[in-house]
A.B. asks: 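Structure below; questions to follow.
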Protein chains: 2
Amino acid sequence: MQSPGLLITISAMPSHLDLNSRSVQDYLKALYKLQQQDAPVSTNVLAERLQVAPASATAMMKKLAEAGLVEHIPYQGCRLTDSGRQQALKMVRRHRIIEQFLQQVLHYGLDEVDEEAEVLEHAVSDKLIERMWQVLGQPSHDPHGSPIPDHQGRFPEQSARPLCSFSPDQPLRIVRLKERSPAQLRYLHQLGIEPGAVVRLVDKAPFNGPIILHTPNGQHPIAWELAEAILAEPDTP
Amino acid sequence: MQSPGLLITISAMPSHLDLNSRSVQDYLKALYKLQQQDAPVSTNVLAERLQVAPASATAMMKKLAEAGLVEHIPYQGCRLTDSGRQQALKMVRRHRIIEQFLQQVLHYGLDEVDEEAEVLEHAVSDKLIERMWQVLGQPSHDPHGSPIPDHQGRFPEQSARPLCSFSPDQPLRIVRLKERSPAQLRYLHQLGIEPGAVVRLVDKAPFNGPIILHTPNGQHPIAWELAEAILAEPDTP
DNA sequence: ATTAAAATTTAGTCCAGTCTAAAAATTAGT
DNA sequence: ACTAATTTTTAGACTGGACTAAATTTTAAT
């Protein structure tokens, strides 16, 4: 029922990539988040992060490399080029403005904003993003306290440090909660740990053990690892 | 370099359709808009509306029919089933709530809301739609004056009639502008014709000729065809 | 220095949704 | 009523982005 026929594939390589496809944007954003200083990001880590098979990540890296968005060293990993980073920062800006909008205007909780923003960031026009930003009063941070890059990809000044880096007894203002899951965010909220809250470090167990934190609603032990993701600055300024 | 090999396609028909894909939703919405009373919608008209090849529309109709969303009579056309219509009305609700939100909260113009809503309606969660609707005060109409169906797909009462169906001299309130292009909407805006505006029919040329309309900012001739798309009701109630 | 394990890439499929070209059915024109 | 024009459907191919299985390279362990 099917004449087999001879298949001659010319396979001319160009394959022009849609710069604005959802998955391209997701790969770039993931690379941006995974890339510490200039160590290349491993294919497996990237694939894991995006919940795709490693082979899929490899395929996409080849396309992104061809488009000049990443530098791909086979078997070593890959890093963003300037142009790729620029593109990624644009997505970070969109994401954070949307999160701020969802919280301020639509009364979303801190634990709800990310999921919705993850989808919307790909759907919203540049115009709409800028309108949101205006309506919000040109905010410089999102509801987690993460900075919103400007159009050139520059971030506002950041003097905050991880909670676990302070010494006890100083009053501290929580500035930012980095990349935590909705469940963790709900937990922290319940403990009174949110951007803007003023707390006091009561004690630090040795060997990176838990720290004891005095918050507006009680005294709570916090795992070292979690405390690394909570940025604060001395209260008063 | 390529062993041809024997290809035996079993081709079991099920092919389960993603009910929530963007294109499925677009097809259903288009069918809903094109379907006058119960005349089936022609494949070509549908394809034209969605800017795809007729063959693509046929292919999609087969899938939608299999999923029970439309009834497809080959070579005759196709019409929505109750379940398909329900689905389409859900999209209409989303679209109109988004339009209202864009106008009220983000200060979009009447001529700008549709394009943005067209994309957003596929990206926004049910939760976000309902939040928007709450923040807006549970509106029953969008900025064009088109009614917003409720969760059961029911529309609010509609007593308005086309402008051209009234007789001269009665004061009328514009209630709705149906399905016009951005350019037409800008033109009407400039003439002072917008939902809520109070106008007076000055004269109607015979044989469906232009009508003369007195608006807040002058006296203007309007083509019959355009006047059919402008719904109004007697002013005062 | 080998070998085993882990990471990465290649090769080949699949799927949704589109397309074009050709075949079939319907509608219209005389 | 029959041919011509139009509409619709079939057949077959392509693209982006995913997958699995197998091959290859790198890293780690003896």
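A quick note: this is a predicted structure, and the numbers were derived from the prediction, not measured. Throughout, a chain's letter reflects where its sequence line sits, starting with A, and its residues are numbered from 1.
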A.B. asks: Over all strands shown, is B:S23 touching base, sugar-phosphate only, or nothing at heavy-atom distances under 4.0 angstrom?
C.D. replies: sugar-phosphate
A.B. asks: Tell me: CD of B:Q51 to P of C:dG17, nearest whole Å?
C.D. replies: 18 Å
A.B. asks: D:dT27 C1' sits how many Å from A:N44 CG, rounded?
C.D. replies: 13 Å
A.B. asks: By nearest nucleotide on DNA chain D, pick out whichever of B:P74 and A:A53 is the more 5' one.
C.D. replies: B:P74
A.B. asks: Considering just the side-chain nitrogens and oxygens of B:S42, establish if one lies under 4.0 Å of OP1 or OP2 belonging to D:dT8.
C.D. replies: yes
A.B. asks: Atom NZ of A:K62 to atom P of C:dT9: distance rounded to whole Å?
C.D. replies: 9 Å
A.B. asks: Whole Å only: how far is the CZ atom of B:R22 from the P atom of D:dG17?
C.D. replies: 16 Å
A.B. asks: So what does B:T43 touch, heavy atoms closer than 4.0 Å: a base, only the sugar-phosphate, or nothing?
C.D. replies: sugar-phosphate
A.B. asks: Nearest to the side chain of A:S56, heavy atoms from C-beta on, is which of C:dT9, C:dG17, D:dA18?
C.D. replies: D:dA18
A.B. asks: Take B:H144 and B:K178, measure what side-chain contact (heavy atoms from CB on, under 4.5 Å) needs, and give me the verdict at the end.
C.D. replies: CA-CA 7 Å; B:H144 302 101; B:K178 289 172 84 171; over 6 Å; no
A.B. asks: Counting only side-chain nitrogens and oxygens, does B:Y27 get under 4.0 Å of the OP1 or OP2 atom of C:dT18?
C.D. replies: yes
A.B. asks: If you assign each of B:A59 and A:M60 to its closest nucleotide in DNA chain D, which residue comes earlier from the 5' end?
C.D. replies: B:A59
A.B. asks: Reckon B:T58 has a side-chain N or O less than 4.0 Å from the OP1 or OP2 of D:dT9?
C.D. replies: yes
A.B. asks: For A:E121, which of A:R93, A:R94, A:K90, A:K29 qualifies under salt bridge (Lys or Arg N to Asp or Glu O under 4.0 Å)?
C.D. replies: A:K29
A.B. asks: Please find the pair of heavy atoms, one from A:V113 and one from A:P143, that lie closest to each other, and give the distance.
C.D. replies: CG2-CG, 4.5 Å
A.B. asks: Hey, does the side chain of A:H72 come within less than 4.0 Å of C:dT8's phosphate (OP1/OP2), counting only N and O?
C.D. replies: no
A.B. asks: What I'd like to find out is whether the side chain of B:M60 reaches to under 4.5 Å of the side chain of B:S23, using heavy atoms alone.
C.D. replies: yes
